[in-house]
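Numbers restart at 1 for each chain; the letters A, B, ... are given by sequence-line order, proteins then strands.
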Number of protein chains: 2
Amino acid sequence: MVKAAADLASVEGLDSVTIGRLAEIVQMSKSGVIGQFRTKEALQLETVEMVFGDFRTRVWDTVKRFPAGLPRLLAMCEAWTEYAADPGYPGGCLMTQVTYDYDGRSGVVHERLLEGRNQWRAALRADVTTAVQAGDLPEDTDVEAVVFGLESLASFITPALLLHGDDRAADHAYQGMRRIIGVTEEER
Amino acid sequence: MVKAAADLASVEGLDSVTIGRLAEIVQMSKSGVIGQFRTKEALQLETVEMVFGDFRTRVWDTVKRFPAGLPRLLAMCEAWTEYAADPGYPGGCLMTQVTYDYDGRSGVVHERLLEGRNQWRAALRADVTTAVQAGDLPEDTDVEAVVFGLESLASFITPALLLHGDDRAADHAYQGMRRIIGVTEEER
DNA sequence: TTGCATGACGGACGATCGTGCGCTTAATCT
DNA sequence: AGATTAAGCGCACGATCGTCCGTCATGCAA
């Protein structure tokens, strides 16, 4: 049910997920749908929650075993770009979609989104900082700029794929990430 | 009128711009509003057209006097990030908003968006290629990856500003662009 | 076996959606 | 001055929106 909502949201946006259309998709009555979530806002929140869960599973859980610092940072970039390129939703990475949809609005979805992304930002920031302290990155590294760059590049994979049909998008992003971080070029 | 639609679209997305709400904002009747555009789709297209016009004025027109190649490319990056950080819409850069909103859909808006962005991509690609030929950039520069990186970084300024309140977003983007392009660091 | 919670249903509600129609008013042109 | 055009209005339409209500079937607990 939530998966169906997420699929639809990835294509048309979270607030195009209407009770009626969702009911039609899962072959239920409108009453049956809203009975499970009480309200539309709750449905939206559960959808967002599912996306965060996905991201955690597909990205974070696969890299947390790496040693903190540069190794884990690079692993993150790889898992991240791979996830963004193949997120399992028909309309691309839903995390990206929701981010750009609700960045300028107010409300609980915006709040939850901010919280989730801040958590991820903190993880990135931590590993960049560790990498600097370990001497793997130059001492004058602008940590915030690096985090900004990584988030940027990951976020553009979806539009590059969907809009321009750029099937090298994930590679472009990973390549860019290495440049942003400042590690030397090498074969992926 | 179109400006009002664009203002609203920048915050809530292009298809939240409803005839009724727009009528309320500009203090007209619904009939009066739709009388000017015939259909909602036409209103959306005119809004998109306005954004392209804005972008052309604020970015392209200010850099076209620069010599082709690296100088113009860097000027582009500067004007671009400045525009994205202060686009004149309450909900941030509308170009970005529309891109992420309609990348995965089909229809005339998607089509027009693709056309417009392709034009811009071509301009970027041309100056990168010229810079390579002039010897200002290494010969093995991956042009497509550079274009991807520049678009990424510019596109993340809006969410960084609106979501995280990062008022250094434009600087982060410009800094990242220089790294993507591969020019040495220097004071902006 | 009886009782009851749960889940899904059809149906209805007020609101809002996009879009037509016919009228009045103001501006433009001959 | 008279005719013509255009813009904006009120109003109504069918659809769809989110939500609530009463009903019925199912399955578990007593």
Side-chain angles (χ1 to χ4, degrees), chain A residues 1-51 89-91 94 97-98 100-102 104-113, chain B residues 1-51 89-91 94 97-98 100-102 104-113:
Chain A
M1 174 73 108
V2 188
K3 177 60 167 65
D7 281 348
L8 182 54
S10 75
V11 179
E12 304 201 11
L14 194 50
D15 47 16
S16 289
V17 181
T18 223
I19 307 285
R21 292 186 61 184
L22 188 53
E24 200 177 335
I25 290 174
V26 302
Q27 293 277 60
M28 278 181 49
S29 67
K30 287 208 298 174
S31 328
V33 170
I34 206 169
Q36 299 199 9
F37 303 103
R38 299 187 44 84
T39 170
K40 190 190 176 183
E41 202 175 56
L43 165 61
Q44 293 181 326
L45 278 178
E46 277 206 43
T47 310
V48 171
E49 221 58 52
M50 184 196 183
V51 177
Y89 300 104
L94 188 46
Q97 172 83 270
V98 175
Y100 281 83
D101 229 29
Y102 281 82
R105 309 199 202 186
S106 52
V108 286
V109 176
H110 174 99
E111 240 61 58
R112 181 64 187 91
L113 172 68
Chain B
M1 172 74 105
V2 189
K3 178 58 166 67
D7 282 347
L8 182 53
S10 75
V11 179
E12 305 201 12
L14 194 50
D15 47 17
S16 289
V17 181
T18 223
I19 308 285
R21 292 187 61 183
L22 188 54
E24 201 176 334
I25 291 174
V26 300
Q27 293 277 60
M28 278 181 48
S29 69
K30 289 207 297 173
S31 328
V33 170
I34 207 169
Q36 298 199 10
F37 304 102
R38 300 185 44 83
T39 171
K40 191 191 176 183
E41 202 175 56
L43 165 61
Q44 292 180 325
L45 278 177
E46 277 206 44
T47 310
V48 171
E49 222 56 52
M50 185 196 185
V51 177
Y89 301 103
L94 188 46
Q97 173 82 270
V98 175
Y100 281 83
D101 228 28
Y102 281 81
R105 309 200 203 185
S106 52
V108 286
V109 176
H110 174 99
E111 240 59 58
R112 181 64 187 91
L113 172 69

### Side chains of B:Gln97 and B:Leu14 in contact at under 4.5 Å (non-hydrogen atoms)
no
side-chain N/O A:Thr18 vs D:dC17 OP1/OP2, d < 4.0 Å: yes
Counting only side-chain N and O atoms of B:Thr39, is one of them less than 4.0 Å from OP1 or OP2 of C:dT19? yes
Per-helix bend value, the helix from C:dG3-D:dC28 to C:dT30-D:dA1, C1' rotation axes over five pairs per end, 10° rounding, shows 10°
*In this structure, are over 12 heavy atoms from other groups packed under 6.0 Å from A:Gln36 atom CD?*
yes
Quiz item: According to a strict under-4.0 Å criterion, is B:Gln36 in side-chain N/O contact with OP1 or OP2 of D:dA7?
Solution: no
Between A:Glu41 and B:Met28, the residue closer to the 5' end of DNA chain D by nearest nucleotide is B:Met28
Can you check whether B:Leu22 reaches B:Met28 side chain to side chain, under 4.5 Å on heavy atoms?
no
Among D:dC9, D:dT19, D:dA12, the one nearest any side-chain atom of B:Lys30 is D:dA12
Heavy atoms only, 4.0 Å cut-off, all strands: where does A:Gly20 land among base, sugar-phosphate and nothing? sugar-phosphate
Verify the neighbour count for atom CD of B:Glu111: are there more than 12 heavy atoms of other residues, nucleotides or ligands below 6.0 Å?
yes
Given protein heavy atoms under 4.0 Å, the one-letter contact record of nucleotides 22-28 of chain C, with B base, S sugar-phosphate only and - none, is simply -------
How is A:Arg21 classified with respect to the nucleic acid when contacts are heavy atoms under 4.0 Å: base, sugar-phosphate, or nothing? sugar-phosphate
